[in-house]
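Please read the structure below before turning to the comments.
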Amino acid sequence: MTAWDGRFTEEMSADVQDFNQSIDVDHVLFYEDIKGSIAHVEMLAQCGILTHSEKDLIHQGLRSIEADYENGDVVFTAAAEDIHLNIEKLLIEKIGPTGGKMHTGRSRNDQVATDMHLYTVKEVNAIVHLIEQLQTTITERAEENIDVIMPGYTHLQRAQPILFAHHIMSYFWMLQRDKERLTDSLKRISLSPLGAGALAGTTYPIDQQMTQTLLGFSGLYMNSMDAVSDRDYLLETMNNLNLIMMHLSRFSEEIILWCTHEFNFIALSDAFSTGSSIMPQKKNPDMAELIRGKAGTVAGRYMGLLMTMKGLPLAYNKDMQEDKKPFFEAVADTKKSLNIFNGMIRTMTLNKEEMALNDFSNATEFADYLVTLGVPFREAHALTGKLVYSCIQKNQLLMDVPLETYRSIHPSITEEVYTFLTPAAAVNRRQNLNGTGTDAVLQQIKEGKTLISR
Ligand code: ARG
């Protein structure tokens, strides 16, 4: 028994049924499908297409299916193919032939699109919330460690001293852009496809604005063919997830490096680490590695759907059923990653002494010091480079160079050079708007906090 038995004389084989069904994936849309149907039927009654008693019966039926579902009493079948036909079948079983009126003026094509739009709006909002939780943790960790100085790197080579707070706050701003992209995308996601029918619209005197409002969408598709075949909003969301995951992956890579014996800047909490089944000493940063790994799979799913879409003629094609699995998985992985990452950062401890600088990260400071004495920067750079070279030969740091040696480089150099060279002085000289100076970073944290709304 299928929804199209009238036209068919042969049964579908079991293999075909299994290949065709999507209920094993789209059952996730249960609540969205019920919500969409309740709004659709409400509108049908208000427009005089169904009677109010028919509407009431269908609404009661749908509510009772919802209750059954919550009690674990609903069994979906592959024979009913997908979530839409499963719910319709359950409804007809429950309330009789009136259940068959629910699909008046609607096609599964605009129905599935409606469900997916509802689902995407919901999940985008949930992800924005998770981003804000992580942003909050970052600002807290930055504030409580505002005095911690660490080496800043370029080319993974020590470059200049920076505040740990400055380093982690850079991820705050990446996440802020991710959040803004998601929020902005809502105006393209929050559109109602209902009323587009299979592709050409509908002959019934429906009110599309009414279903749009009932479902909380902020707009309507202007073209029914576009409405049923648009999957841009899924790809756009997945690409936004790619950027989030890429950012988490970069941060994860730093966490992985920082907790190596070689860096030893941080220790992860045991609750966010794993051990080895053979090497008793091991404590591994598996959470960070998994997030870095999942950034790859999320990107792969995006690419898969993009390839599915690129050759499709208008309007609906069954290929589009393939949108759900990669989308649901990308959403689930991103949400889990944001949540786990948050816990990992919140509970890690810093080895402040290990982060302290004993290196040539203050070389730029010496060059800048010479500039204060009137030496052109290019010459100051060369003089400092020569000094660093000779220090390396002698196995000493700039701090260890005797004042006479400094005076031989420039006669006006005084004792104050040693203060100038300290990491704290280096950091706090950088008070420009987005620099690593303590006051600038505190201001940055303050501004950041105003952007966390919940
Ligand atoms: N399960 C289908 C999907 O996800 C629903 C739409 C089916 N439409 C159709 N014309 N066969 O795409």
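No experiment lies behind these values; they were computed from the predicted model shown. Whatever order the structure lists ligands and atoms in, that order sets their numbers, starting from 1. Just so you know, residue 1 is the first one in the sequence shown, and it goes up from there.
Only the side chain of Lys324 comes within contact range of ligand 1, with a heavy atom under 4.0 Å; no backbone atom does. In Asp323, neither the side chain nor the backbone holds a heavy atom less than 4.0 Å from any atom of ligand 1.
Here the heavy atom of the protein found nearest to atom 11 (N) of ligand 1 is Arg108 NH2, 3.5 Å. Counting protein heavy atoms only, atom 3 (C) of ligand 1 is closest to Tyr316 OH, 3.3 Å.
The contact set between ligand 1 and Gln321, taken as ligand atoms under 4.0 Å from a residue heavy atom, comprises 1 (N), 2 (C), 3 (C), 4 (O), 12 (O). Near Asn109, meaning under 4.0 Å from one of its heavy atoms, ligand 1 places the atoms 6 (C), 7 (C), 8 (N), 9 (C), 10 (N). Close contacts between ligand 1 and Asp82 involve ligand atoms 1 (N), 2 (C), 5 (C) [criterion: under 4.0 Å to a heavy atom]. Near Ser22, meaning under 4.0 Å from any of its heavy atoms, are these atoms of ligand 1: 1 (N).
Two residues are said to be in side-chain contact when any heavy atoms from C-beta on lie closer than 4.5 Å; Phe76 and Leu90 meet this criterion. A heavy-atom distance below 4.5 Å is not found between the side chains of Ile95 and Gln60.
When atom types are taken as modelled, the side chain of Ser22 and the backbone of Val25 share no donor-acceptor pair closer than 3.5 angstrom.
Taking only nitrogen or oxygen atoms, main chain and side chain alike, Lys318 does not reach within less than 3.5 Å of ligand 1.
In this structure, Thr237 OG1 and Arg188 CZ are separated by 9.0 Å, a value rounded to the nearest 0.5 Å.
Classification of the His117-Tyr221 ring pair by plane angle, with boundaries at 30° and 60°, yields perpendicular.
By the side chain to side chain contact (heavy atoms under 4.5 Å, CB included) test, Glu42 is found to be paired with Gln46, Lys55, His59, Leu214, residues two or more places apart in sequence or in another chain being considered.
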Output side-chain donor-acceptor pairs under 3.5 Å for residues 340-350, partner residues at least two apart or in another chain, one line each.
from	atom 1	to	atom 2	distance (Å)
Asn342	OD1	Thr137	OG1	2.5
Thr347	OG1	Gly343	O	2.7
Thr347	OG1	Met344	O	3.4
Thr349	OG1	Ala267	O	3.4

